[in-house]
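Below: the structure, in structure tokens.
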Amino acid sequence: MGRVRAAMASTVPAERDLRRVIGDGGSIPDGEVEGVGEQGLLDLYRSMVLLRTYDERSVIYHRQGRIGTYAIFWGHEAIQAGSFHALEDDDWIFPSYRESAIGLLRGLPAATVLSWWRGHPAGWWNPADYNLASICVPIATQVPHAAGLAWGKRLRGESTCALTFFGDGATSEGAFHEGANFAAVMRAPLVLLCNNNQWAISTPLSAQTKAEALVDKALGYGIPGVRVDGGDVLAVHEATREAVSRARAGGGPTFIEAVTYRAAPHATADDPGPYIDPARVEEARANECLGRFEGYLRRQGVLHDDLEQAIKADAIAVMRAGIAAAEAEPAADVSLLFEHALAEPPASFAHDLADLRRILGE
Amino acid sequence: MGRVRAAMASTVPAERDLRRVIGDGGSIPDGEVEGVGEQGLLDLYRSMVLLRTYDERSVIYHRQGRIGTYAIFWGHEAIQAGSFHALEDDDWIFPSYRESAIGLLRGLPAATVLSWWRGHPAGWWNPADYNLASICVPIATQVPHAAGLAWGKRLRGESTCALTFFGDGATSEGAFHEGANFAAVMRAPLVLLCNNNQWAISTPLSAQTKAEALVDKALGYGIPGVRVDGGDVLAVHEATREAVSRARAGGGPTFIEAVTYRAAPHATADDPGPYIDPARVEEARANECLGRFEGYLRRQGVLHDDLEQAIKADAIAVMRAGIAAAEAEPAADVSLLFEHALAEPPASFAHDLADLRRILGE
Amino acid sequence: MSDLYLVEAVNDALRVEMERDEDVLVIGEDVGRSGGVFRATAGLLDRFGPDRCVDTPLAEAGILGSAVGLCMAGFRPVCEMQYDAFSYPCLDQLITHVGRYRWRTGGKMTFPITVRMPYGGGVRAPELHDDSPETYYVHTPGIKVAIPSTPADAKGLLAAAIRDPDPVVILEPKLVYRTERGQVPDGEYVVPLGEARLAREGSDVTLVAYGAMVRVCERAADALDASVEVLDLRSLKPLDEQALLASAAKTGRVVLVQEAPRTCGYAAELAAILAEKALLDLRAPVVRVTGYDVPYPYWAIEDAYMPSVARVVGAARSLLDF
Amino acid sequence: MSDLYLVEAVNDALRVEMERDEDVLVIGEDVGRSGGVFRATAGLLDRFGPDRCVDTPLAEAGILGSAVGLCMAGFRPVCEMQYDAFSYPCLDQLITHVGRYRWRTGGKMTFPITVRMPYGGGVRAPELHDDSPETYYVHTPGIKVAIPSTPADAKGLLAAAIRDPDPVVILEPKLVYRTERGQVPDGEYVVPLGEARLAREGSDVTLVAYGAMVRVCERAADALDASVEVLDLRSLKPLDEQALLASAAKTGRVVLVQEAPRTCGYAAELAAILAEKALLDLRAPVVRVTGYDVPYPYWAIEDAYMPSVARVVGAARSLLDF
Ligand SMILES: Cc1ncc(C[n+]2csc(CCOP(=O)(O)OP(=O)(O)O)c2C)c(N)n1
Ligand SMILES: Cc1ncc(C[n+]2csc(CCOP(=O)(O)OP(=O)(O)O)c2C)c(N)n1
Ligand SMILES: [Mg+2]
Ligand SMILES: [Mg+2]
């Protein structure tokens, strides 16, 4: 445990350059983000509530055996919602498993995402329908995809840009490095959004890198980098907006390090007990992003009890409908094993399927 | 050609932070490296001459069909010799194909290296005999090897360190990134020596990275970085010495960017005509590292004609003996196909070999 | 003897071998503080300290690449790849260096690297937690490959791999990590590479498998009204060719079972050996029961992808009725 | 018709397809300014500009990974891997994404990526410029693989790959890049994937090969005093199984030739198909003539590693005398 604490200590977020907008309701005053009015604030809030609700319900659904293993993103809502609202609808998003529900903010049915976690092909979607890539499971491998898409959009002369999410651990992978470098060299309009929650499963940031801050990697790619408080939705939003407009203006990619702390298990299968310091987790939970934003909205007089309840009720309704729809999905037909693997399937597929149906007594 | 020149322009080495010791014999005065006396200067010179001779002879041997394709390192001798002499004999070296002859400075027979380029198993050596890893062909893949060796030496409590050479293009590979990060995290006593000759075959540095300087990558690994004039053997030597002592003191790895310019074809098989600016090459050749060092040594009164001729004659003798010995090697027996692939070969190998001998009528 | 789950036997092997030889290091993602996502390395950090059980950065090529260097410093690294499909980033180091470096030194330097990983499907996991990548490893020169199906073999084969002077890849069937317990010898226990295990004797038809498919074949054997032989290969490279040919000679009917996609899967290699060396013994075609040549599916339909008892039974019957 | 070297036919195909479809991009290391280390992409930069013929950073996973994103933007990227053994860093993207992404979208999105590379030995090159990596590609679901042996097929198969909605890997035998010229149709020319070519008709024994080994088999056919059929597969996945089975049915004797290491090589897949579907046609064992299960050697001894005419002749004789 001693060893673990030692690690912990050095993974407490360095305050260095940490941009914030939301105050603490006391000595630190609230700021504002230019151009984000009451409507904008409430849009951010609705998105955060929807994500939070999705996450909390999913953990329950998992316990009830209604979805499979699930990667919890409790406490990451400010990063996801704040950056999302800096994008236009035709900008592309490349999520990792940690942002599995980001599509909900673009109208992707909750049932689709829940089906994905249920291991059901109803979890498929066409990335082009939502400008949203599939959920990426292998760490950092989505970064070159995002670089390629953004590069391609520039080649087409479109003003579209792309944003990809990845974690602190992901920055150790060659795929991150190659993707970030491609984006820089190709002047790809891309936002490289690093969710630095300071843990890669049980591996603390201190065992992942010796960089003082992950944002220091930006210089090595010759791109701008900015470091924000990942628990401050407005700071994330503002930083992403700047990166997006730079990208649209032909300024290429920006690396954003959004610093937060993983205050939940890595996934439903994970037990952080052996490796994480409960006190530090409590601290993070006490300071979690949704509560901070609610305090801000109330201090601004934008949020009041009725509205909060209405918004939360809507989110719960979305999830209720979503899980019901996901569970109403008929069992997937085994033909789906073969059907979409290739646009032009070989003869062997038909033979294999017939054989399989015979065995299954269909 | 316009496109190419544009690229060229931006690949002229930025002077930023470029450390130099050797002056220009005019306005820029000569410096000195503390602790490097006449003997040390002549050791560096002998090594540079031996490498230069190896390289120039090899190009001739290739034309004569006495060795195969060969990666030319003309103009890189200052980087190789300068860094080499900052190491002790039990420090490890991890070369790329570009440093194929670095072993000569440790007593590896020229015949061995020439045999390697002749595709002959006599080109094998035991890395442990010279603390010199095998010549690494896949770009940047030796970097994690060096990180692992250095990490292991630290675990053993030895004061040994390691140095690995790689190019500017190599910094784009995931293998470089992962290796550098491992070295930093494991506090491995390693010198990451980047030979920035500004070209990766036909790809200019400007198409490789948008970083203002490759040394800027060091910050992202949380390690010190230094940028030196790769044509200045004393600057390279001094910088490497500092990195080595930091490594021995437990300070972990250092990234050194040694800036030079590839004034020869990438390899004997390459024709730079279509992509390189001859004027820029001429400039580089006029300012090549051996001549610069000879000027310095003469200004210091350390070198005079007889000595220079003697040293160059020795080097040529080494190469004459080397190629003779390499050519005297008997043809390799086909059993070598199988013999060393596994410490415990499967039965099939004996059968395959017998079969092969039968076919070959042996 | 202890009654252990397969994953516990892996843990036992690691502990015993690390005690036996202090040059043995365990490195990988999450192998230390958490003891591994499957707990295969549980307790090793506390017992052997952070220098011998190392949580590495998240980079598989970095793990295997630095293992090459650790060998040069005299260590015997045991690299954990967290899951089958997450081992692919290390293939470049495996193919270009791990399998070739010894040859490159004229046999002067050995690379006793062990790469171990959970592999295979059927565990209701998200995408890319279900692959059977043995072909990529078996095809690579200079690499040995073993796949246990029982707790005892999981311990013995891993111990053999760690002691082996050559690089060995051990694929551990995660589907049976914690299904049935088995008797495992305490202390040092080695199962030599290259020796198959006759899981069941029979004379009418041979079912050849490894890893999780051995159980499937045993159940198929129960379901068949014939004398069925089940051969658990245990070691894919080196292969116990004699055991394969002997069983084929005995039954003349061979079903080859693998989870991996069919094309160029390991069953193809076995079939090729039979077609070359056992032709006259064969009383019926050699049939393969394998995963399909499609991406491993989402788990709601994974059971239809995995070779099932029914598919193996069907294949065996087709040979018996041939 | 033009009389071209194989590598010139590759260049011709790229030019024609880039003219035909402006979504076709050529990306890779040194494909632009220098026109490729083998000149396969010569002239494309000048003709189509730096947006369509792109010198990328030195990172194979980055090349293939960004190609996935380029497809999402509607392009048809043709990725050059500079050499066989330098394609290994891209295997992770290939296996985890290129071969699976279409399935992952329920077939809604296609990934018309072409990966092409020079492959194979015999060119007196330094280490790792000689591999035959087809198994790694063929075994991967969602990937098609073709290997031409003639200039005309090099053009036609590459054109087919570029137009194909699925990812296709083309391995070009660098040994025959500039050995013999061949007649190549001008302008648009497509050789459909999945159709083998009967290089030579015969009735006593079949030699099955692809790439540079087709020439070796033809020479072996000349050397044999028997009626020899030579089947040039051209496309490994999809495979022209009918052509293989038809020839096996005709001659009853089959020799499978590949440069790659034996274990789990593509010849194993062919042998397995024969053992399952042609058993009763076989008059002799199915034999493989392959590279050995060792690292590709230094070039002074590479001729002993490569399947030779003598080895193929020996194998064929053993079947004829069986
Ligand atoms: C290539 C690869 N290696 C290993 C894994 C297993 N794995 C899943 S999540 C994870 C940790 C990722 O940490 P980080 O990048 O910080 O993202 P976070 O989960 O904290 O959001 C690991 C190692 C994987 N999915 N992909
Ligand atoms: C993984 C890999 N990809 C491609 C190549 C082919 N190749 C050989 S040298 C070279 C350029 C390397 O440039 P750089 O790293 O700058 O080193 P330099 O040759 O300039 O010393 C390339 C692409 C290779 N050897 N390895
Ligand atoms: Mg994290
Ligand atoms: Mg270079």
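Order of the sequence lines fixes the chain letters, A, B, ..., with proteins taken first and strands second; residue numbering starts at 1 for each chain. Keep in mind that this is a model prediction, so the values were computed, not measured.
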(request) Go through the steps to decide whether Gln208(A) and Asp168(A) satisfy the test side chain to side chain donor-acceptor pair (under 3.5 Å), and finish with yes or no. (result) CA-CA 8 Å; Gln208(A) 205 64 249; Asp168(A) 46 306; 5.4 Å; no

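Neither the backbone nor the side chain of Leu190(A) comes within contact range of chain D; no heavy atom of the residue lies under 4.5 Å from a heavy atom of that chain. Looking at Ala341(A), both its backbone and its side chain come within 4.5 Å of chain D, counting heavy atoms on both sides. Only the side chain of Leu25(D) comes within contact range of chain A, with heavy atoms under 4.5 Å apart. Looking at Ala67(D), neither its backbone nor its side chain comes within 4.5 Å of chain A, counting heavy atoms on both sides. Contacts of Tyr101(D) with chain A are made by side-chain atoms alone, with heavy-atom separations under 4.5 Å and no backbone atom involved. At a 4.5 Å heavy-atom cutoff, the contact between Ala133(A) and chain D is made by backbone and side-chain atoms alike.
Heavy-atom pairs under 4.5 Å with chain A were tallied for Asp92(D), Val54(D), Leu193(D); the largest tally goes to Val54(D). Ranking Lys144(D), Glu60(D), Met72(D) against chain A, the residue ahead of the rest is Met72(D), based on heavy-atom pairs under 4.5 Å. Note on Gly65(D), Gly107(D), Ala59(D), Gly106(D): by heavy-atom pairs under 4.5 Å with chain A, the leading option is Gly106(D). Here Met186(A) is the residue among Gln142(A), Met186(A), Arg154(A) with the most heavy-atom pairs under 4.5 Å with chain D. Of the listed residues (Cys71(D), Gly74(D), Pro141(D)), the greatest number of heavy-atom pairs within a distance under 4.5 Å of chain A belongs to Gly74(D). For the options Met109(D), Gln93(D), Lys108(D), His97(D), heavy-atom pairs under 4.5 Å to chain A are most numerous at His97(D).
Trp116(A) has its ring centre no less than 6.0 Å from the ring centre of Trp125(A).
The aromatic rings of Phe176(A) and Phe166(A) sit tilted, their planes meeting at an angle between 30° and 60°.
Donor-acceptor pairing under 3.5 Å is lacking for the side chains of Tyr210(D) and Ser235(D).
Note that CZ of Phe75(D) is 4.5 Å distant from CG of Leu155(A), once rounded to the nearest 0.5 Å. Leu236(D) CG to Leu270(D) CG: the interatomic distance, rounded to the nearest 0.5 Å, is 7.5 Å. Distance check: Thr240(A) OG1 to Ile256(A) CD1 gives 4.0 Å after rounding to the nearest 0.5 Å.
Not one N or O on the side chain of Arg52(D) forms a donor-acceptor pair closer than 3.5 Å with the backbone of Leu45(D).
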